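Quantities reported herein were computed from a predicted structural model and do not represent experimental measurements.
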Amino acid sequence: MVGIVHLEKFVLLLSLVHACLGVGGRKLTALVQQPPLVLTYHKGALLQGSHPLSIVWYGEFTPAQRSIVSDFLSSLNHQEKSPSVSSWWKVIEAYLVKAGMQGTAMVVLGKQVLDDKYSLGKSLKRAQIGELAAKATTANGITLVLTSKEVAVEGFCMSSCGFHDSSPLHPSGEKFAYIWVGNSESQCPGQCAWPFHQPLYGPQTRPLVPPNGDVGVDGMIINIASMLAGTVTNPYKSGYFQGPATAPLEAASACSGIYGKNAYPGYAGELLVDSVSGASYNANGINGRRYLLPALWNPDTSTCYTLV
């Protein structure tokens with residue numbers, strides 16, 4: 001399984017921020033210059049073409065919370081005013097072109113399953129995430145399993161904020177990809193909802209105002225975006241990554257903690273700010289939505305790309 005934030009790598013990732021950015025700004029002195037960050041293509045399958053994305057809502061989510069997530073996913077292939085969610089997604093499509101494939105990766109919102117009665121309880125093992133994903137999977141699809149703030153998942157807050165993996169689709173045996181992300185609002189917002197909450201470690205900067213007014217779900221958007229980027233570019237642990245296949249740096253996790261230009265540890269970077277609400281964001285979506293999306297490693301420039 002591939003996790004979004006391996007906490008034991010946190011210090012290493014922060015040390016890579018400036019080397020990855022490739023821009024000016026605050027400089028961190030170091031005795032040894034970090035080598036360039038490069039994600040290697042391991043010649044495996046990538047998710048190209050059109051893919052239905054199903055959602056399993058496990059636990060209690062309000063209609064407003066579900067709308068925030070659904071609008072984000074629908075924004076991936078829908079052009080809005082710049083900077084847009086779809087512009088961010090275009091960087092992911094550049095991975096396909098670099099690998100000699102057709103440069104399209106359409107994610108189409110599919111069916112949604114509500115499991116607000118906690119069918120497997122409120123404490124889940126990682127293996128059970130695959131069981132939940134199988135409830136909504138379709139051929140050539142991606143399943144997104146989202147757990148509410150009351151649900152504990154094995155490894156959540158201790159080693160990851162989310163992960164992506166794959167399982168065989170019965171009876172054909174063909175693999176399907178799935179993603180899990182949890183709502184960290186009441187469990188570990190300092191780890192999995194930063195910069196919308198005071199960080200658990202490192203510089204204690206003031207939290208940003210979330211663009212949709214929900215610390216937990218706006219934090220989930222960051223993690224969903226990161227995991228979706230990793231799923232398309234490294235679905236079966238043989239795509240683009242650096243490091244061991246079981247704990248890789250991927251398209252978004254390679255640029256952890258970067259959201260705007262001149263970011264450094266404890267500072268998300270130069271972002272757009274709503275003049276009325278004071279909310280920070282870097283991407284526009286459908287229905288007037290705004291989101292904060294993570295930087296992506298750009299395969300054309302070998303640097304971390306930000307929308308602003």
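Counting only residues at least two apart or in different chains, ring pair (Phe, Tyr, Trp, His ring centres under 6.0 Å) contacts with residues 81-103 comprise Y95-Y240. For residues 99-112, every residue pair satisfying the side-chain hydrogen bond (donor to acceptor under 3.5 Å, both in side chains) rule, not counting sequence neighbours, is listed here: W57-Q112. Pairs of residues two or more places apart, or lying in two chains, that qualify as salt bridge (charged side-chain N to carboxylate O under 4.0 Å, His left out) and include a residue from residues 85-97 are K90-E93. Every pair tested for salt bridge (charged side-chain N to carboxylate O under 4.0 Å, His left out) that includes a residue from residues 38-48 fails, sequence neighbours excluded, so the list is empty.
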Got a list of side-chain donor-acceptor pairs under 3.5 Å for residues 137-146, not counting sequence neighbours?
from : atom 1 : to  : atom 2 : distance (Å)
N140 : OD1    : H51 : ND1    : 3.4
N140 : ND2    : S50 : O      : 3.0

Which donor-acceptor pairs under 3.5 Å do side chains of residues 64-72 form with protein atoms, sequence neighbours excluded?
from : atom 1 : to   : atom 2 : distance (Å)
Q65  : OE1    : T62  : N      : 3.0
Q65  : NE2    : D214 : OD2    : 3.0
R66  : NH1    : F61  : O      : 2.9
S67  : OG     : R289 : NH2    : 2.9
S70  : OG     : R66  : O      : 3.0
D71  : OD1    : N287 : ND2    : 3.3
D71  : OD2    : N287 : ND2    : 3.4
D71  : OD2    : R289 : NE     : 3.0

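Under the side-chain hydrogen bond (donor to acceptor under 3.5 Å, both in side chains) criterion, Y118 pairs with E150, not counting sequence neighbours. Every residue meeting the side-chain hydrogen bond (donor to acceptor under 3.5 Å, both in side chains) condition with S86, not counting sequence neighbours, appears here in chain and number order: Q79, S84. Partners of T147 under the side chain to side chain contact (heavy atoms under 4.5 Å, CB included) rule, at least two apart in sequence or in another chain, are Y58, L124, V151, V153, W180. For Y259, the ring pair (Phe, Tyr, Trp, His ring centres under 6.0 Å) test picks out no residue, with sequence neighbours left out. D274 pairs by the salt bridge (Lys or Arg N to Asp or Glu O under 4.0 Å) definition with R290, not counting sequence neighbours. With sequence neighbours left out, H78 forms a ring pair (Phe, Tyr, Trp, His ring centres under 6.0 Å) with no residue at all.
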Full working for side chain to side chain contact (heavy atoms under 4.5 Å, CB included) between N183 and V217: CA-CA 6 Å; N183 186 336; V217 175; 4.2 Å; yes

Test log, rule side chain to side chain contact (heavy atoms under 4.5 Å, CB included), inputs L53 and L228: CA-CA 10 Å; L53 189 147; L228 191 56; 3.9 Å; yes

Worked check of side chain to side chain contact (heavy atoms under 4.5 Å, CB included) between L307 and S87: CA-CA 8 Å; L307 284 167; S87 295; 4.0 Å; yes

Derivation and outcome, side chain to side chain contact (heavy atoms under 4.5 Å, CB included), residues T306 and I258: CA-CA 8 Å; T306 59; I258 305 172; 3.7 Å; yes

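Remark: Y281 OH to D218 CG distance equals 13.5 Å, nearest 0.5 Å. Taking CG from L39 and CH2 from W297, the interatomic distance works out to 4.5 Å, rounded to the nearest 0.5 Å. Taking NE2 from H42 and NZ from K237, the interatomic distance works out to 13.5 Å, rounded to the nearest 0.5 Å. Once rounded to the nearest 0.5 Å, the distance linking OG of S184 with CG of N223 reads 7.0 Å.
At a threshold of 4.5 Å between side-chain heavy atoms, the hydrophobic network of Ile, Leu, Val, Met, Phe, Trp and Tyr places I179 and V108 in two separate groups. By the criterion of side-chain heavy atoms lying less than 4.5 angstrom apart, applied directly or through intervening Ile, Leu, Val, Met, Phe, Trp or Tyr residues, V273 is not grouped with L293; the two fall into different hydrophobic clusters. By the rule that hydrophobic residues join a cluster once side-chain heavy atoms approach within less than 4.5 Å of another member, V215 and V209 end up as members of separate clusters. Both L292 and V308 sit in one connected hydrophobic cluster of ILVMFWY residues. Membership requires side-chain heavy atoms under 4.5 Å apart, directly or through other members. Residues M106 and I55 fall into different hydrophobic clusters, defined by Ile, Leu, Val, Met, Phe, Trp and Tyr side chains chained together at heavy-atom separations under 4.5 Å.
Checked for salt-bridge contact, R126 and D165 miss the test: no charged N lies under 4.0 Å from a carboxylate O.
For the cysteines C192 and C157, the sulfur (SG) atoms lie at a distance of at least 2.5 angstrom from each other. The SG atoms of C255 and C304 are placed within less than 2.5 angstrom of each other.
For the residue pair N262 and E270, a side-chain donor N or O sits within less than 3.5 Å of a side-chain acceptor on the partner.
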